[in-house]
Amino acid sequence: MQTKLSTQYNPKEIEDKWYQFWEENGFFHSVPDPSKEPYTIVIPPPNVTGVLHMGHALNNIIQDILIRWRRMQGYNTLWMPGTDHAGIATQNVVERELATKRIKREQLGRERFIEEVWKWKNQYGSTIIKQLKKLGSSCDWARERFTMDEGLSTAVKETFVTLYERGLIYKGKYIINWCPRCRTALADDEVEHEEHEGHLWHIKYPFRDAPHLFLVVATTRPETMLGDIAVAVNPKDDRYKDMVGEILTLPIVGRELPIIADEFVDPSFGTGAVKVTPAHDPNDFEMGKRHNLTPIVVIQENGVMNELAGDYEGMDRFECRDALIEELKLKKFIEMVTPYKHSVGHCYRCHTVIEPYISDQWFVRMRPLADAAIKASKKKSVTFFPERWEKIYLSWLENVRDWCISRQIWWGHRIPAWYCQDCDAITVARDVPTKCSKCNSITLKQDEDVLDTWFSSALWPFSTMGWPRETPELRYYYPTSTLVTDRGIIYFWVARMVMMGLEIMRHVPFTNVYIHGTILDELGRKMSKSLGNGIDPLVMINQYGADAVRFSIIVLTTEGQDIKLSESRFEMGRNFTNKLWNAARFIIMNLEEEHPEEIRLEPADYQFEDRWILSRLNTTIKACTLYLEQFKFNDAAMKVYDFTWHSFCDWYIEIIKTRLYEPISYRDKKVAQTILTKVFGQILHLLHPFIPFITEELWQSLKGVASKSKIDIMEGMRHEYLIRDAWPQEDKRYEDQVCEENMAILQDVIRAIRNIRSKMNIREKQKLDAVISVSGDGECGLENHSDLLKRMANIEHLEIGKDLTKPANSASEVVGKIQAFVPLADIIDPVAEKERQLKHLKQLEDYLLVVRRKLENKNFSARAPAHVVTMEQNRERELLEQISKIKLILNDLG
RNA sequence: GGGCGAUUAGCUCAAUUGGCUAGAGCACUUGCCUUACAAGCAAGGGGUCAUAGGUUCGAGUCCUAUAUCGCCCACCA
């Protein structure tokens, strides 16, 4: 490992090197080991067609932090990676690619098309995997799975057949969401509803027996009227109830439509009369069933009107709408048109307007599965973080409708159902059946449809472990520990995994679900291709380094809140990694010795600052660990950041410089070097889950130099590489509250003197004299630290004592019970000094007012807890003391 | 129409569950190229915690409205 470090950190030199090293040494790999406790995460499998975006980055950074942290804690960690075959998305991508060669998938036929998809997958499908590696994701790549793998396909078939046998899967003709472009059915939640500024067309339907009279119906989709078979009114609607049973004539078409009564109709909406089109509207479909009406289909699967549309046959549905309106207008059937805002369903893949469509589809009976999933979360077998997502999950499960799982596309898991060509019976089987289960005919034809992609994703936590085989993995890793995902797929994926886990494995698939926020652009908009407002994580990694990207993102991630992101945010992480790099440089430069001797630290060796930094470190370890346990990643990261930068670098390193440069003894220098190295080593450990590359690099350098200098930093360590080393443990022996408090006072005094220097325009290099006066009962042992004080405030002569008087012509600062005086002779600017004191006085008096108001309130002393009252009383006394001191100073200034 | 989240410094966000003068990062001001780091150091300035009520000894925090923004859900044609 290199020991010469350049002045600026260059991530490019080390990131790929370390990733490769870790992976090649099997550090990401896990095998079942019953002597250790497992910690398992299954990755939300990105689409094979996917390219890493910021959402993926956030998602995987969090998972990697959890995995790396638990790995260091000694868990047998498995991060199971893989990709999703993403049926419709992938088919679309490959179709588009073929289109550039002027090939349509129909020309190729099913088998050859699927070959093309596999070819595409093998060529491009690993893009996102490579990108995840760039981020530092420590997945067990030896176990990588793909939802179309042989093993996973077996799991899909097994599940389908099992559910079918249990009566949880059925086939039937229902109205479903149809995408006329993808030409497939979609599940309810694959439809995205968008507000749309449309029109409400009021159309006059004449009475058959009195053609000059009309009933007016309102619709947003006039083209569907061609499939009308009735008009419905509410049975309680006085305007219409007498007309029920009468017959209307459908304009243009001339079909006779009975007026029917149905509770569904809302009398207050529109005209209170509804056209009934069971073939093209889900509500009408239900209504049609209730009244035994036979639907009339007028729109074909490609969105084009069929032969029953009469003159409109062959027209696209929207063309037809316009043309039909023209004709209705011409023939005076339009009573009025009102602008109307309503939501329109779109395909979540291609954004085409969804058409409700009647077809033969496979469904999963959701009620029993959902009930089990509800129970599981209510008894906390699954816990959500933040917990508010549980409500969202529950409300979906409580209202869930049966899940349409068949898709009329080619890329996906073919439904394991065969139709007998002789008797029409359905044979559902694990293996290709040789004969019909009913009539034994051998002329069987497999169902053409494939399963919804989410069907296979729902099995991910156990299909990836080898199920339905009884594998050691399944026994050891299932159920997994934590699922990390975003709120967008709580229904699609999380709820369905819980349902399938419970139904198939008889156990929830994971115990915790952590839902992180969504990454937005700096204006708070979603990042999207169409807006072009995305920030490419790989570009950022290239520019700032993977660690900087990870750290910046995680610092911005407060529990479950969305994150507004802009490129400049990554500077923070970069600055921090650079700071860390330079802290390491400092340490390494100051460790090398020509003839190092090994020393054993004795308690008596520790200086004040040593005890302080060790105590602070201990506090940091405790807090960081606790925050990680609570999924508060940004708090955990910020704690270590603050300790590293503002305690370790700003103070500890600065304080011990003289011990290194002008040591009072070899031993004391060695003590400082040892503490410096050990604490920094622990910092690297704490930061490793967040910023793995730089910490591993620096740890290796540090270890090398430390061993040359005969400093043992391996005590208590488990492994020579940080990635496998032990997570820092809090050690109560280092806890030293008094030391931390005294240091805080010292820091205040030092700041006060530096402030005087700054306000009086005195150069930092110029030595000053100072008098520190501690008031009567003040006990902080300042005099024990006069060297430290002199060094850090650059003081020549320092006098510390009780109730000392203010030297003439001095600037002063009141810090709690302490007064700092800096005699300045003619340098002092009396006007500026007086101004400064007056300002401080005003601050204190304002504060005193607040405190007094509380104390003067009778109820306060009566009702507030005693310790709060005492606290306020003490504060009042302290304030009065300070104020009187400042007044004396002001008197002295004249 | 229902639900959820947000509203705190110029910007992006915190605030340990109601109790010490509301904290960070960026930006800003002043002084420093001090032999770890100018991607840095030192010292500062900056806030009626969206609004209005209420509960309480005490409210950024709890309750009730209101406003603005965002997300999700819903079969009103």
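Below, all heavy atoms of this structure are taken into account, side chains as well, without hydrogens, waters or symmetry copies. Keep in mind the model is a prediction, meaning the values are calculated, not measured. Below, chain A is the first sequence line, B the second, and so on; all start at residue 1.
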Colleague: Report yes if a side-chain nitrogen or oxygen of A:Y340 is closer than 4.0 Å to either non-bridging phosphate oxygen (OP1 or OP2) of B:A77; otherwise report no.
Modeller: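 So the side chain of A:Y340 is within the cut-off, an N or O lying under 4.0 Å from OP1 or OP2 of B:A77.
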Colleague: Using the P atom as the point on both nucleotides, what is the distance between B:A50 and B:A59, in whole Å?
Modeller: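 Nearest-Å result for B:A59 against B:A50 at atom P: 15 Å.
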Colleague: Please give, in whole Å, the distance from B:U30 P to A:R836 CZ?
Modeller: 19 Å
Colleague: Could you give the CG-to-C1' distance, from A:N575 to B:A36, as a whole number of Å?
Modeller: 15 Å
Colleague: Rounding to a whole Å, what distance do you find between A:L676:CG and B:A36:P?
Modeller: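 Result: 12 Å.
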Colleague: Mind checking the C1' distance from B:G23 to B:U66? Whole angstroms is fine.
Modeller: 30 Å
Colleague: Can you tell whether the side chains of A:E876 and A:R852 come within less than 4.0 Å, N to carboxylate O?
Modeller: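 Yes, charged N to carboxylate O under 4.0 Å.
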Colleague: Quick one, A:R836 with A:E813, criterion salt bridge (Lys or Arg N to Asp or Glu O under 4.0 Å). Give me CA distance, side-chain angles, the key distance, then yes/no.
Modeller: CA-CA 9 Å; A:R836 233 160 49 82; A:E813 280 271 331; 2.5 Å; yes
Colleague: Describe the nucleic acid contact of A:W645 in one word from base, sugar-phosphate, nothing, applying a heavy-atom distance below 4.0 Å.
Modeller: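 If one applies the 4.0 Å heavy-atom cut-off, A:W645 turns out to touch the sugar-phosphate alone, with no base involved.
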Colleague: Return the nucleotide paired to B:G70: Watson-Crick means purine N1 to pyrimidine N3 with N6-O4 or O6-N4, wobble means G-U with N1-O2 and O6-N3, both under 3.5 Å.
Modeller: B:C4
Colleague: Applying a 4.0 Å non-hydrogen cut-off, can you work out what A:H646 is touching in the nucleic acid: base, sugar-phosphate, or nothing?
Modeller: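 Answer is sugar-phosphate: A:H646 comes under 4.0 Å of backbone atoms only.
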Colleague: Is A:K657 salt-bridged to A:E662, going by a charged N under 4.0 Å from an acidic O?
Modeller: no
Colleague: Taking the same atom, C1', in B:A52 and in B:G46, what whole-Å distance lies between them?
Modeller: 27 Å
Colleague: I want to check something: taking the side chain as every heavy atom from C-beta on, are A:E522 and A:S568 in contact at a cut-off of under 4.5 Å?
Modeller: no
Colleague: Please work out if A:R569 contacts a base, only the sugar-phosphate, or nothing of the nucleic acid, heavy-atom cut-off 4.0 Å.
Modeller: base
Colleague: Considering every strand shown, what is the Watson-Crick or G-U wobble mate of B:G44 when both distances are under 3.5 Å?
Modeller: B:C28
Colleague: Touch check for A:Y661, heavy atoms < 4.0 angstrom, all strands: base, sugar-phosphate only, or nothing?
Modeller: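 Counting heavy atoms under 4.0 Å across all strands, the contact made by A:Y661 is with sugar-phosphate only.
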Colleague: How many Å lie between CG on A:L200 and P on B:A77, as a whole number?
Modeller: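 Rounding to the nearest Å, CG of A:L200 and P of B:A77 are 8 Å apart.
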Colleague: What does B:U35 pair with, Watson-Crick or G-U, if both distances are under 3.5 Å?
Modeller: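 B:U35 is paired with nothing.
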Colleague: Roughly how far apart, to the nearest Å, are B:U12 and B:G54 at atom C1'?
Modeller: 33 Å
Colleague: Determine the interatomic distance between P on B:C28 and the same-named atom on B:C71; round to the nearest Å.
Modeller: 32 Å
Colleague: Has A:Y393 got a side-chain N or O lying under 4.0 Å from the OP1 or OP2 atom of B:C72?
Modeller: no
Colleague: Rounded to the nearest angstrom, tell me the gap between atom CG in A:N634 and atom C1' in B:G23.
Modeller: 13 Å
Colleague: Using a 4.0 Å heavy-atom cut-off across all strands, classify A:D650 as base, sugar-phosphate, or nothing.
Modeller: sugar-phosphate
Colleague: Below the 4.0 Å mark, does B:G45 have OP1 or OP2 next to a side-chain nitrogen or oxygen of A:K839?
Modeller: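 Yes, because at least one side-chain N or O of A:K839 sits under 4.0 Å from OP1 or OP2 of B:G45.
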Colleague: Taking OP1 and OP2 of B:A6, is either one under 4.0 Å from a side-chain nitrogen or oxygen of A:K564?
Modeller: no
Colleague: For A:K391 and B:C73, is the shortest distance between a side-chain N/O and OP1 or OP2 below 4.0 Å?
Modeller: no
Colleague: Name the closest nucleotide to the A:A864 side chain, picking from B:G40, B:C4, B:G19.
Modeller: B:G19
Colleague: Would you call A:K639 and A:D635 a salt bridge, taking side-chain N to carboxylate O under 4.0 Å as the test?
Modeller: no
Colleague: Which whole number of Å gives the distance between the C1' atom of B:G3 and that of B:A77?
Modeller: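 My reading of the C1' atoms in B:G3 and B:A77 gives 25 Å.
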Colleague: Go through the N and O atoms of the side chain of A:R754 and the base of B:A42, and report whether any donor-acceptor pair is under 3.5 Å.
Modeller: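 Donor-acceptor pair under 3.5 Å: no.
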Colleague: For B:G1, does either OP1 or OP2 sit under 4.0 Å from a side-chain N or O belonging to A:H342?
Modeller: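 Checking B:G1 against A:H342, no side-chain N or O comes under 4.0 Å of OP1 or OP2.
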Colleague: Nearest to the side chain of A:T558 - B:G19, B:A14, B:A24?
Modeller: B:A14
Colleague: Are the side chains of A:F385 and A:Q630 in contact, using a 4.5 Å heavy-atom criterion?
Modeller: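 No; the side chains remain at least 4.5 Å from each other.
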Colleague: Answer yes or no: is there a side-chain heavy-atom contact under 4.5 Å between A:T644 and A:F576?
Modeller: yes
Colleague: Expressed as a whole number of Å, how far does the P atom of B:C4 sit from that of B:A43?
Modeller: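 Looking at atom P only, B:C4 and B:A43 are 47 Å apart.
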Colleague: Output the rounded distance in Å from OH (A:Y348) to P (B:C72).
Modeller: 16 Å
Colleague: Has the side chain of A:Q561 got a donor or acceptor that lies under 3.5 Å from a partner of the other kind on the base of B:G5?
Modeller: no
Colleague: Any strand counts, and the cut-off is 3.5 Å on both contacts for Watson-Crick or G-U wobble. Which nucleotide pairs with B:U17?
Modeller: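 Base-paired to nothing in any strand shown.
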Colleague: Contact class for A:D266 vs. all strands (heavy atom < 4.0 Å): base, sugar-phosphate, or nothing?
Modeller: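 A:D266: base contact, heavy atoms under 4.0 Å.
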Colleague: Checking side-chain polar atoms at under 3.5 Å, does A:D228 have a donor or acceptor matched by the opposite partner on A:Y205?
Modeller: yes
Colleague: Taking the C1' atom in each of B:A14 and B:G60, what is the distance between them to the nearest angstrom?
Modeller: 12 Å
Colleague: With side chain to side chain donor-acceptor pair (under 3.5 Å) as the test, pick out the partner of A:T518 among A:Q561, A:R487, A:K526.
Modeller: A:R487
Colleague: Please determine whether a side-chain nitrogen or oxygen atom of A:N755 lies at a distance below 4.0 Å from atom OP1 or OP2 of B:G44.
Modeller: yes
Colleague: Under 3.5 Å for both donor-acceptor distances, Watson-Crick or wobble: does B:A52 have a partner, and if so which one?
Modeller: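 Pair assignment: B:A52 / B:U64.
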Colleague: Counting any heavy atom closer than 4.0 Å, what does A:L565 reach on the DNA or RNA strands: base, sugar-phosphate only, or nothing?
Modeller: nothing
Colleague: Between B:C72, B:G19, B:C20, which nucleotide gets closest to the side-chain atoms of A:K526?
Modeller: B:C72
Colleague: Please work out if A:Y627 contacts a base, only the sugar-phosphate, or nothing of the nucleic acid, heavy-atom cut-off 4.0 Å.
Modeller: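 No contact.
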Colleague: Would you mind telling me which of B:C20, B:A77, B:C71 lies closest to the side-chain atoms of A:V274?
Modeller: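 Nearest to the side-chain atoms of A:V274, counting from C-beta on, is B:A77.
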Colleague: Indicate, with a heavy-atom threshold strictly under 4.0 Å, whether A:V555 touches base, sugar-phosphate, or nothing.
Modeller: nothing
Colleague: Please report, rounded to the nearest Å, how far the P atom of B:G70 is from the CG atom of A:D521.
Modeller: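 The distance from CG of A:D521 to P of B:G70 comes to 12 Å, rounded to the nearest Å.
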Colleague: Where each residue is assigned the nucleotide of RNA chain B containing its nearest heavy atom, which of A:M572 and A:L520 is assigned the position nearer the 5′ end?
Modeller: A:M572
Colleague: Need to verify one output field. Residue with the more 5' nearest nucleotide on RNA chain B, A:I587 or A:R388?
Modeller: A:R388
Colleague: Atom CZ of A:R585 and atom C1' of B:A36: how far apart are they, to the nearest Å?
Modeller: 5 Å
Colleague: Base, sugar-phosphate alone, or nothing: which one does A:R487 contact when heavy atoms must sit under 4.0 Å apart?
Modeller: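 The answer is sugar-phosphate, as A:R487 gets under 4.0 Å only of primed atoms, P, OP1 or OP2.
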Colleague: Under 3.5 Å, is there an N or O donor on one side and an acceptor on the other linking the side chain of A:E654 and the base of B:A36?
Modeller: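 A donor-acceptor contact between them is present.
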Colleague: Side chain of A:Y641: nearest nucleotide among B:A42, B:G25, B:G40?
Modeller: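 So the side chain of A:Y641 is nearest to B:G25.
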Colleague: I'd like to know whether A:W389 forms a ring-ring contact (aromatic ring centres under 6.0 Å, His included) with A:F384, so could you lay out the CA-CA distance, the side-chain angles of the two residues, the decisive distance to 0.1 Å, and finally the verdict.
Modeller: CA-CA 6 Å; A:W389 296 112; A:F384 284 81; 8.7 Å; no
Colleague: Is it the case that the base of B:A39 and the side chain of A:Q8 share a donor-acceptor contact (distance under 3.5 Å, atom types as modelled)?
Modeller: yes
Colleague: Side chain of A:K579, heavy atoms from C-beta onward: which of B:G25, B:A36, B:A43 has the nearest atom to it?
Modeller: B:A36
Colleague: Think A:K622 has a side-chain N or O under 4.0 angstrom from the OP1 or OP2 of B:U16?
Modeller: no
Colleague: Using a 90° cut-off around 0 for syn, call B:U12 syn or anti.
Modeller: anti
